[in-house]
Amino acid sequence: MTISLPGLLSQLLLGLVNGSFYAILSLGLAVIFGLLNVINFAHGALFMMGAILTWMGMNYFEINYWVMLAAAPVIVGVFGVLIEKLLLRWIYKLDHLYGLLLTLGLTLLIEGAFRSVYGVSGLGYDAPDLLDGSTNLGFMVLPNYRAWVVAASLVVCFATWFVIEKTKLGAYLRAGTENPRLVEAFGINVPLMVTLTYAFGAALAAFAGVLAAPVIQVSPLMGQNLIIVVFAVVVIGGMGSIMGSILTGLGLGIIEGFTKVFYPEASSTVVFVIMVIVLLIRPAGLFGKER
Amino acid sequence: QEKVKIGFITDMSSLYSDVEGKGGATAIQMAIDDFGGKVLGQPIELMSADHQNKPDIAASKAREWIDTAGVTMVFGGTNSGTALAMAKVAEEKKRVYFNNGAGTSALTNEQCTPYTIHYAYDTVALAKGTGGAVVDQGGKNWFFITADYAFGQALEADTTKIVKEKGGTVLGAVRHPLNASDFSSFLLQAQNSKAQILGLANAGGDTINSIKAAKEFGINKTMKTAGLLVFLSDIHSLGLKNTEGLLHTTSFYWDLNDKTRAWSKKFFDKMKRMPTDVQAADYSATMNYLKAVEAAKTTDADKVMAQLKSVKIDDFYGKGQIRADGSFVHDMYLVQVKSPAESKQPWDYLKVMKVLPGDQVFTTKAETKCALWK
Amino acid sequence: MKKTTIGYLVLLLALLLAPALGAYPVFVMKLLCFALFASAFNLLLGYTGLLSFGHAAFLGGSAYVAGYAMKVWGLTPEIGLVLGTLAGAFLGWIFGVLAIRRQGIYFAMITLALAQMMFFVALQAKFTGGEDGLQGVPRGKLFGLIDLQNDLTMYYVTLAVVVAAFLLIVRTIHSPFGQVLKGIKENEPRAISLGYDTSRFKLLAFVLSAALAGLAGSLKTLVLGFATLSDVHWTASGQVILMTLVGGLGTLSGPLLGSAVVVLLENKIGELGHAIAGISGIEWFNTLGESVTMVTGLIFVICVLAFRRGIMGEIIALGERLRGRK
Amino acid sequence: MAAAALEIQGLQAWYGESHVLHGVDLVVQPGEVVTLLGRNGAGRTTTMRAVMGLTGRRTGSLKINGTETMGLPTHRIAHLGVGYCPEERGIFSSLSCEENLMLPPHLKGANAGVGAGMSIDEIYTMFPNLAERRNSQGTRLSGGEQQMLAVARILRTGAKLLLLDEISEGLAPVIVQALARMITTLREKGYTVVMVEQNFHFAAPLADRFYVMEHGRIALQFGASELQAKMPVLNELLGV
Amino acid sequence: MADIILETRELTKEFKGFTAVSKVNLSVKRGSIHALIGPNGAGKTTCFNLLTKFLEPTTGEILFNGIDITRERPAQIARRGVIRSFQISAVFPHLTLLENVRLGLQRQLGTSFHFWKSEKSLHSLDGRARELLAEVGLEDLADETTVNLPYGRKRALEIATTLAMEPELMLLDEPTQGMGHEDVDRVAQLIKKVSQGRTILMVEHNMGVVSTIADTITVLQRGAVLAEGPYAEVSRNPQVMEAYMGTTAGQLQGAH
Ligand SMILES: Nc1ncnc2c1ncn2[C@@H]1O[C@H](COP(=O)(O)OP(=O)(O)OP(=O)(O)O)[C@@H](O)[C@H]1O
Ligand SMILES: Nc1ncnc2c1ncn2[C@@H]1O[C@H](COP(=O)(O)OP(=O)(O)OP(=O)(O)O)[C@@H](O)[C@H]1O
Ligand SMILES: [Mg+2]
Ligand SMILES: [Mg+2]
C-alpha cells in the first residue's frame, strides 16, 4: 500500500494520541512500582473507574466534564488510599508475585462489581462542548478533543517527571524505592509517602480514564486489554523508570500507529514483538538501570 | 416419566452477556410459563449456567447435564467456540441443541449435525441481508473494517460476494486485531478510499468503538456506515447521537408490530430492558421445542427433530421453517438507526428499511457444505 | 511408610474408585488435566523460583497440535499426546531461550508477552480454527486397540498418564538435577561460582515444565474433543498461578488440591450459590453463578493476605508447629 | 539533671518468630561515647534497629531525651535527633553520591546545643574520596567509599545522637584513623555516640563506656578507666 | 623462574571515563597466598570481578596456567578451577551443610542434568562431603540447616564448598569482614590450612590477617600497582604508609 506524506503525518498524530494514554498509564504504573514494589494489575480497573465515575457524575448528577476531570481522579485517589491502607500494606516485604496477584484479584473484584451493575456493552458520553468540533491541520482534520488529550497528558507526564527527578521530594521517592525503612529512619514519613504515591498513581489512571472515555467506549472491561499492553510499555521502558515509561508510551503509540497503516493485523502484537527484542538487547529495558 | 429438562448454557458474565445472558434465561422461563409449565404431564425444568465464554466449561457442563441430570435439550452459545463445542456434545449424546447467540454459519454448514438448530441468525444471513439491501439502495462502493479472525473474515467475504453480485465494488479493507481500542487510524484509511459505504465486519466492543470513532472524525457525514453484526444492546449503550444512520440487519425488533410489542412489553416488565433479537428468539425457540415435544409425545431427540423440521413456524418472532441443515429460515429486517430527533420514546431506536425474505438471505442449497442437505 | 505416601495412596485409591462411587468421569478427567497443568507450573515456580506468566501458551499450543494431529492427520491418541508434549517442549525451549536470562518480574513479563504472541497466532492461524476453535477431535483408539470412546476407559487412561507424569515431577524434584535447581533458587550467584551454567539448568526446568503443561493440554483435548482460544488466553496463565497459590507453592500436593478447588469453583459455583440460597434463604446467592470472576478475585485477595502458603502449605506448617511443640 | 540521651529498659525484640533481644538495659548520657561489643549475632545491630523501630515486634521501654518512643513510628523517632548509620550502609543506587549525601533532611528540634550539623565543605574535606566521586551513582562507589558516605550522610542532619554500626568495617587503615579523629571531634562538639564495633582496637581508645552483649542481653558494662582491669573477661567473652 | 599460575597483562577497566583498574600486571605464584590491598576505591574488587569475568575488561589479558582466559564466561572460568568467594556470605540457606558441600562436588559426577535419576545416586558423594566439612571443623553440624548457623561458621562452610570444587586458585574478597575476633583468627588459620596445595588470592583490610598469612602483597592505588613484596617490606614503604597504612598502622592494625 502506498501512502502519502500527509497520510503518514496524520497517522503519526493519531499514534501520539494513543501514546498519550499509554504514557499516563505506564507512568502511574512506574511510580507505583517504584515506591511500592507492587506491579499494580488493578491499574486497568482504576482507569475504568475514572471513566465510569465520570459517566455516573454526568448522568446522575449532571456534573460537567471539567468538574469530573478533577473529581474522578480525586475519588479514585481516595479509593487508592483505601486499597493501600487496607490491602497492599501487608505485602510489601514479599515477593513481587504477591503484589501482582493481589491486585489481579482486586481487578477481578472491581470489574465484576461494575459489570454486575452496568453490564458489559458500555456506556458513553461525549466530549465537552468546548472541545467539540475539529481543526483542519492541512494534512488532516483533527478532532479538537484528541488534541486536548495529547496536550493534557503531556503536561501531566512531564510535571510528574520533573517532581520525581528534579526535586527533593523526588529524591525521597527514589530513595524510598530502594530502602523505605532506612529513608524512614532518616526522619521521613514514608508510610504517608507510600499511601500518597499509590493514590497518585491511581488518580493518574483515573485521569486517563476520564480523558479516554469520549474516545473509546466506556465499559467495565475497558481496562482489561489495555493493561497488558501498558505492562509491556513499562517493561520496555524499564521497570520503575519515569522518563522511560513516558517516552516509551509515546513512542510505542506512534509505532503502533504506523503498524496500523502498513500491517494493521499486527498492530496489537507489535508491542510485544518490540518488547521481546528490547529485552534481548537491553535486559533492564530501554531506560532501566540494571541493579 | 419423560421429563423435559432444558439446559441453558451461555455467557452470563463476560463480553456477550448483554446480548443474551440473564435476559435469555428470563425469556426461556417466560416460554415455559406461557406453555403452562408442564409437558407430557411432567413439569418442565430449566437449568442455567454461565460458561464464561470458555468452551471447555460449556461443553463439559452440557455433557455432564446430559449424562447426570438427563437434560433433554441443550440451549446456548453466544460465542462460536462454545457453540460448536456444545453442538458436538449434543450430537454425540443425541440431544436437541438450539443456538441463538453465536453467529458462525459453520453450525449449519461444514459442521452441521442432525441435532443442531441455528435459530436466530447467522453471519451469512447478516452479510447477505445488509450487503444486498445496501447495494440495492445505491451503496455501490464499499470499504471494510474487518476484525482479523475467522468470524470477521467470513463476514467480509460473504458481504463482498453479494456486493459484487449486485454490481457493487469493494475499494479496500483494513484488518484490525481483535479488541483494538482505537479505530481512528483505520477510519482515516477508510475515508481516504472515498468509498460510499463503510462496512463494519466486526462485533461487540470493536463495532462500538468503530462507530464511535466514525462519529468523532465526522466520517458518518461522508460515508454511510453499515454494521454487519449489531445488537440492540449496542445501540442502547452507544446512544443515538453516535449511531444515527447506522444500517444493519436484525432478525427481530420489538417495535415491528402489535405482537412483537405485546411480547416485548412483558419482557421489559421483567428485565427493565427491551429484548435483543437473540432473547426474543430464545422465547420462540423454547416455545416451538415444547410444542414439538408435545406433538411427538416424546423427548427423544430424533423424533423431536423430525417434528421440528416438519412444521411451519409462525409466531411473533418469525415466520418460516427449520431446514434440513438446521437453520431456521425466516425473514430478516434491514434497519437504520433513527436520529435523536426521530426517536419518540425510550428504546425507540430503529426504523425498518426493508424486509428481507428468508430464502434470499440464508445459505442456499447451492452454497451449502452441509451433508444433511444435499 | 511415611504419612505422605499413605496420603497419596489414599488419593490414588479414591481416584481409582471415583467413577464407581458416582463421580462424573469426564469432570474428574478435566480436573486431572488441570492438576497436571498446575503441577507442571509448580515445578517451575515452586522449585525453580521462576514465575512464568505465559504457561497458557504451552497448554493451548499443545492442545492445538495434538488436536490437529488426531483430527486432521488421523493419528492415534498416543501419538497425538506425544506430539502435543513435544510441541510444549519446543515452545518451552523457544520461550526459555528468549526469557531465561531475565530475572524476576522481567521474566514474568517476557513470558507473558510471548504468550500473547502465541495467542495472536492461535487467533489468526488457519489450522486453529480461530475463535471457533479446533472442534470435534476424535478420541480414537489407543495403540489402535483400546477404544477411548468409552468414558470409563478414557478415564483410566487419563489417570494413568497423569499419575505417571506426576511421578516424573516427583522424581525430577528429588534428582541430582532437582538438587541443583534448589541451589539455584536459593542463591544463584553462588551456584554460578560453583561452575553451574545456571541458565541451562533453568532452561531445562522450563522445557520440562512446558512439556508437561503441553501434555496436560493435549490430554484435555483428547478428553473433551476440542482445543480453543480460552486455553491460550492469558487468563489461563493467571488461573494456573491461582491454582498453585491456593494449593500451596512449592509443595507437591498443593497444585493438586488447588486445581481441584479452582476447577470445582469455576464449574460448580452456580450450584453452590443455589444451595447456599436454599439453606440461608438469601436470594442474592442465586446469582453467585454469574460472579465467578468476583469470587475468583476474592480468593486471590484472601489467599495473598491470609493464606500465603496455600492450603497445603498451611497444613504442613501447622504440622511442623505441632511437632515443634512436642 | 537533664534526661539521658538514650535510656533502654527491658528491651525485647523479635524478627518474625525469632526472639532476638531478651531484655536489654542501657543508658547513655548526653555527650557520651558508648561502645557495644559482642560476638557475631549477639544482638548489637538489633538493638540499634530496635531503637529506630526497624525490627519486628518489640517490648520494653525506649526513651530518647526522656521521650518514650515505644509507640512512635520510625520517622518520628528520627526527629527526636537521632542519626542512624546502618551496618549494611544503605547507599541508594538511584541517587548520585551527592544526592545520597543530601538526602536526610535536617532534623527539626534536634539542634539544641550542637549546631546545625556539618556543612558539605567540612564533609568533603574529611572524605576527599567523596568529593572526587560526587556525581557517581551511589552504589558504584567502592565498598569503603560507600561506608564513608553512609557516615557522612548523617553528620549533615544535625542529629546529636548518632548510632553507628560497624563504621570502621572494610576501610583502609588510614581512613579508620580519620574516623577515629572524627569521633573525638564529635565528642568535643557535644554529640552523643553509640557505636557497635568488631574492631576493638578502634573502639577502645574512643569510648567513655562499654557494654558487652551476649545472646540478646547485656552481659557486662564498664567505664573506660576499668578497661585494663576487664581485659581478661573481655578476652573470654570476645576472644580479643 | 617460579611457576606462575595467574598472570594479568596490562589489565584495565574503565567506567565511563573513570579508570578503576589501570594497566595492572599481576603474577601470582603457584602455592602462595597472595594478598591484594590498597585504599578504598583502589580497584581491588573490580580486579576480582575482572578475573572471574563478572566484569568485562576494557583492555588487557588474563592468563591462567598460561592459557588466555580473557574471553571466557564466568562458569567456564569456574570450571577451570578459579573459584571466588563473595564479600557477602554465599551459602544455600535452606539446604543442609552436607547438601551445600555436595552441590560443590556434584558437578564431577556429570549427572547434574539427569532429572530422571534418583537423589540417592548422590549419596556416593556424602563421604567426601563430610571429609571436607571436617576440614573446616563443621563435621558435627552436617545435617543442620544452614540458615541457623552463626556468621563465622557460614564463612567456613563457604570455604568447604569452595574446596569441593578442588580449586587451583581461590579468590577471597575480604574473607574476614564483619567477623568477631575469634572468627577472624579461625578463618585466617583456615585459609592458611587450605592453602596447602592451592593458590589463594585475597583482598583484605585486616592487616593482622595479611601480615600473618600472606606470602606476597600487592598494593593497589588508584587502579595501579603501587608496591609489591612481602609484608615486612611493603609495610615499611613510605608511600604505602601514607596511602594506606597510615602513620600508626603498626600499633592500630598490627594487633588486630
Ligand atoms: N532480619 C532478620 N531476621 C531474622 N533473624 C535475624 C535478622 N537479623 C538478624 N537476625 C538474627 O538475630 C540475631 C542477632 O543479630 P544482630 O545482627 O543483632 O547481631 P550483631 O550483634 O549485630 O552481630 P553481627 O556481628 O553479625 O553484626 C542473630 O542470631 C541473627 O541471626
Ligand atoms: N560499575 C562502576 N561504575 C563506575 N565506577 C565504578 C564502578 N565500580 C567501581 N567503580 C569505581 O571504581 C573504583 C574502584 O572500586 P573497587 O570496588 O574496585 O574498589 P576496592 O579497591 O574494592 O575498594 P574497597 O576497599 O573500598 O572495597 C571506585 O572509585 C569506584 O567508585
Ligand atoms: Mg551487627
Ligand atoms: Mg571492595
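All figures in this text were calculated on a predicted structure; none of them were measured in a lab. To find a chain, count down the sequence lines: A is the first, B the second, and so on, and within it residues start at 1.
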**Q** I need the minimum non-hydrogen distance between E:Arg84 and C:Arg190, along with the two atoms involved.
**A**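 Residues E:Arg84 and C:Arg190, closest heavy atoms: O-NH1, 3.7 Å.
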
**Q** Take a 6.0 Å sphere around CZ of C:Phe307 and say whether it holds more than 12 heavy atoms from other residues, nucleotides or ligands.
**A**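 Check fails, neighbour count at 12 or below.
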
**Q** Between E:Gln106 and C:Val180, which heavy-atom pair has the shortest distance, and what is it?
**A** NE2-CG2, 3.3 Å

**Q** Between C:Asn187 and E:Val91, is there a donor-acceptor pair closer than 3.5 Å when you use the side chain of the first and the backbone of the second?
**A** yes

**Q** For C:Phe90, does the CZ atom sit with more than 12 other heavy atoms under 6.0 Å from it, leaving out its own atoms?
**A**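 12 or below, so no.
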
**Q** Answer yes or no: is there a donor N or O on one side and an acceptor on the other, between the side chain of E:Glu119 and the main chain of C:Ser175, under 3.5 Å?
**A**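 No; judged by distance alone, with no hydrogens or angles, the pair does not exist.
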
**Q** Distance check, rounded to the nearest 0.5 Å: C:Ile184 atom CD1 versus E:Phe92 atom CZ?
**A**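 The distance works out to 8.5 Å.
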
**Q** Identify which of E:Arg107, E:Met165, E:His114, E:Arg73 forms the greatest number of heavy-atom pairs closer than 4.5 Å to chain C.
**A** E:Arg107

**Q** Side chain, backbone, both or neither: which part of C:Ala191 has a non-hydrogen atom closer than 4.5 Å to chain E?
**A**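 For C:Ala191, the contact with chain E is made by backbone and side chain together.
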
**Q** First locate atom CG of C:Leu43, then atom CZ of E:Phe115, and finally report the distance between them rounded to the nearest 0.5 Å.
**A** 10.0 Å

**Q** Under a 4.5 Å heavy-atom cutoff, which of E:Leu103, E:Leu122, E:Thr52, E:Thr111 has the most pairs with chain C?
**A**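 The residue among E:Leu103, E:Leu122, E:Thr52, E:Thr111 with the greatest pair count is E:Leu103.
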
**Q** How far apart are the closest heavy atoms of E:Ser118 and C:Pro176, and which atoms are they?
**A**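 Smallest interatomic distance, heavy atoms only, reads O-CD, 3.7 Å.
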
**Q** Heavy-atom distance under 4.5 Å to chain E: side chain of C:Leu204, backbone, both or neither?
**A** side chain

**Q** So E:Lys120 and C:His174, side-chain contact (heavy atoms from CB on, under 4.5 Å) or not? Walk me through it.
**A** CA-CA 9 Å; E:Lys120 298 204 180 76; C:His174 297 288; over 6 Å; no

**Q** Considering all heavy atoms of both residues, which atom of C:Arg171 and which atom of E:Lys117 are nearest to each other, and what is their separation?
**A**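 Smallest interatomic distance, heavy atoms only, reads CD-O, 3.3 Å.
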
**Q** Mind running side-chain hydrogen bond (donor to acceptor under 3.5 Å, both in side chains) on E:Ser112 and C:Arg200 for me, showing each step along the way?
**A** CA-CA 11 Å; E:Ser112 295; C:Arg200 289 177 58 197; over 6 Å; no

**Q** Does any heavy atom of chain E fall under 4.5 Å from the side chain of C:Leu208, the backbone, both, or neither of them?
**A** side chain

